[in-house]
Structure formats: C-alpha cells, structure tokens
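One structure is given below, encoded as structure tokens.
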Amino acid sequence: MWAILRFFFSFRGRIGRLQFFYGILFWAVVLTVTFTVHLNSVWFSFSPSTLIVLVAAVSCTALQVKRFHDRNRTGWRVSIFCILFVASAIFHPLFVGLLAVSIEHMVELLIMAGTKGPNHYGPARKPPPEPVPA
C-alpha cells in the first residue's frame with residue numbers, strides 16, 4: 001500500500017518511461033470516468049470530481065518530477081509548464097509557448113531514456129529482468 005502511495009505522491013526518486021506512462025494512463029482513465037459520471041456537476045463547486053482532479057494534479061506533478069529526476073534534470077521544470085498553463089488562460093497568445101513546452105516535456109518524459117547508473121537524484125533504477133533462454 002505504501003509503495004503505491006509513494007509511487008503516485010512522492011516527489012523523490014526516479015521512475016522510468018514505462019512507469020511514467022502507466023501512471024499517467026491511470027489518471028487519464030480515472031479522470032475520463034470521473035468526468036463522464038459527473039458531467040453535469042458545476043466545476044467550481046466542491047464536488048467529488050473537484051477533489052479527484054486536485055489529487056490527480058498533485059500525483060501527475062509528482063510523476064513528472066520523478067521522471068525528470070531519472071533524466072538527471074531538476075523537477076522544478078514542471079513549474080514552467082504550470083506557470084504557462086495559468087498565464088495562457090489569462091493572456092491567450094502565451095498558448096503557443098505552452099504548446100511548445102508541452103511538446104518538449106512529452107518528448108523528454110516519454111521518449112528520451114533515463115540516466116544510466118546513479119545520478120544527483122538517486123541510485124540507478126532496477127534493470128528489467130533478463131529474459132529466460134528457451
């Protein structure tokens with residue numbers, strides 16, 4: 001149980017591309033179901049969907065930070081996206097910058113390999129198990 005909570009909500013350590021993908025996919029499914037069920041609820045009222053969105057936002061931020069740590073980069077890079085997200089809602093021309101940062105983050109988080117061996121953010125991740133010869 002603690003391992004699952006640590007995976008989704010801890011800002012320390014490193015995770016690989018596949019773990020990051022599965023974590024984000026989990027929240028995408030949860031949010032899709034939530035918005036399908038609570039389609040008619042008012043967004044700014046305190047409802048179960050609001051609480052789920054806030055929990056998902058914290059968890060997705062933690063997953064991104066750990067993935068950046070695996071790339072030996074600071075997790076504060078996620079704040080660039082968050083600032084541009086809020087700023088583009090106020091000043092719409094900044095949406096182009098948000099789009100560029102989003103693409104750069106997705107390439108780095110989903111495509112680029114992590115650092116081999118230990119880095120500034122922790123020891124090397126456990127390698128995947130070797131296939132058993134037939």
Side-chain angles (χ1 to χ4, degrees):
M1 176 70 174
W2 290 113
I4 293 171
L5 288 174
R6 190 172 31 251
F7 172 74
F8 279 110
F9 297 102
S10 171
F11 287 81
R12 293 179 179 236
R14 299 165 58 176
I15 60 173
R17 290 175 285 193
L18 193 59
Q19 292 172 309
F20 174 74
F21 176 76
Y22 285 146
I24 296 297
L25 182 64
F26 169 79
W27 284 116
V29 169
V30 167
L31 291 174
T32 300
V33 169
T34 299
F35 286 125
T36 302
V37 170
H38 296 285
L39 193 59
N40 294 327
S41 69
V42 178
W43 170 247
F44 289 106
S45 69
F46 188 75
S47 66
S49 59
T50 306
L51 183 61
I52 291 171
V53 167
L54 292 174
V55 169
V58 170
S59 178
C60 289
T61 302
L63 291 170
Q64 289 178 61
V65 166
K66 288 187 286 193
R67 182 66 188 117
F68 275 123
H69 285 176
D70 192 45
R71 298 264 312 125
N72 204 24
R73 301 198 186 270
T74 180
W76 284 102
R77 293 179 59 145
V78 178
S79 63
I80 296 168
F81 173 81
C82 294
I83 291 168
L84 278 173
F85 182 79
V86 172
S88 67
I90 298 167
F91 186 63
H92 299 296
L94 288 176
F95 181 75
V96 174
L98 176 65
L99 184 61
V101 168
S102 298
I103 291 169
E104 186 269 334
H105 278 197
M106 286 303 108
V107 166
E108 186 154 358
L109 297 175
L110 289 171
I111 297 173
M112 307 285 288
T115 307
K116 301 261 190 255
N119 66 21
H120 290 96
Y121 301 101
R125 291 179 289 109
K126 294 178 184 173
E130 294 292 324
V132 178

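Linking Ile, Leu, Val, Met, Phe, Trp and Tyr whenever their side-chain heavy atoms come within less than 4.5 Å leaves Met112 and Tyr121 in two separate clusters. Met106 is connected to Val78 through a chain of hydrophobic side-chain contacts under 4.5 Å among Ile, Leu, Val, Met, Phe, Trp and Tyr, so both are in one cluster. At a threshold of 4.5 Å between side-chain heavy atoms, the hydrophobic network of Ile, Leu, Val, Met, Phe, Trp and Tyr places Phe91 and Val96 in two separate groups. In the hydrophobic clustering of ILVMFWY residues, with side-chain heavy atoms under 4.5 Å counting as a link, Leu98 and Ile80 come out together. Put simply, Val53 and Leu63 are part of the same group of oily side chains (I, L, V, M, F, W, Y) that touch within less than 4.5 Å, one to the next.
Atom CD1 of Ile90 and atom CZ of Phe85 lie 11.0 Å apart (nearest 0.5 Å). The line from CD of Gln64 to CD1 of Ile15 is 9.5 Å long, rounded to the nearest 0.5 Å. Between the CH2 atom in Trp27 and the CD1 atom in Ile52 there is a gap of 8.0 Å [rounded to 0.5 Å]. Annotation: the span from Thr74 atom OG1 to Phe68 atom CZ amounts to 9.5 Å, rounded to 0.5 Å.
In this structure, the side chain of Ser10 does not engage the main chain of Phe7 through any donor-acceptor pair within 3.5 Å. Using modelled atom types, one side-chain atom of Ser88 and one backbone atom of Leu84 make a donor-acceptor pair closer than 3.5 Å.
Taking both residues in full, the closest heavy atoms of Ala87 and Leu94 are given as CB-CD1, 3.5 Å, listed atom of the first, atom of the second, then distance. Contact between Val58 and Phe11 at its shortest, heavy atoms only, is O-CZ, 4.0 Å.
For the salt bridge (charged side-chain N to carboxylate O under 4.0 Å, His left out) condition, the pairs that include at least one residue of residues 58-75, sequence neighbours left out, are Arg14-Asp70, Arg67-Asp70, Asp70-Arg125, Arg71-Glu108, Arg73-Glu108.
The side-chain contact (heavy atoms from CB on, under 4.5 Å) test with Ile24 is passed by exactly one of Phe21, Phe20, Phe26, Tyr22: Phe20.
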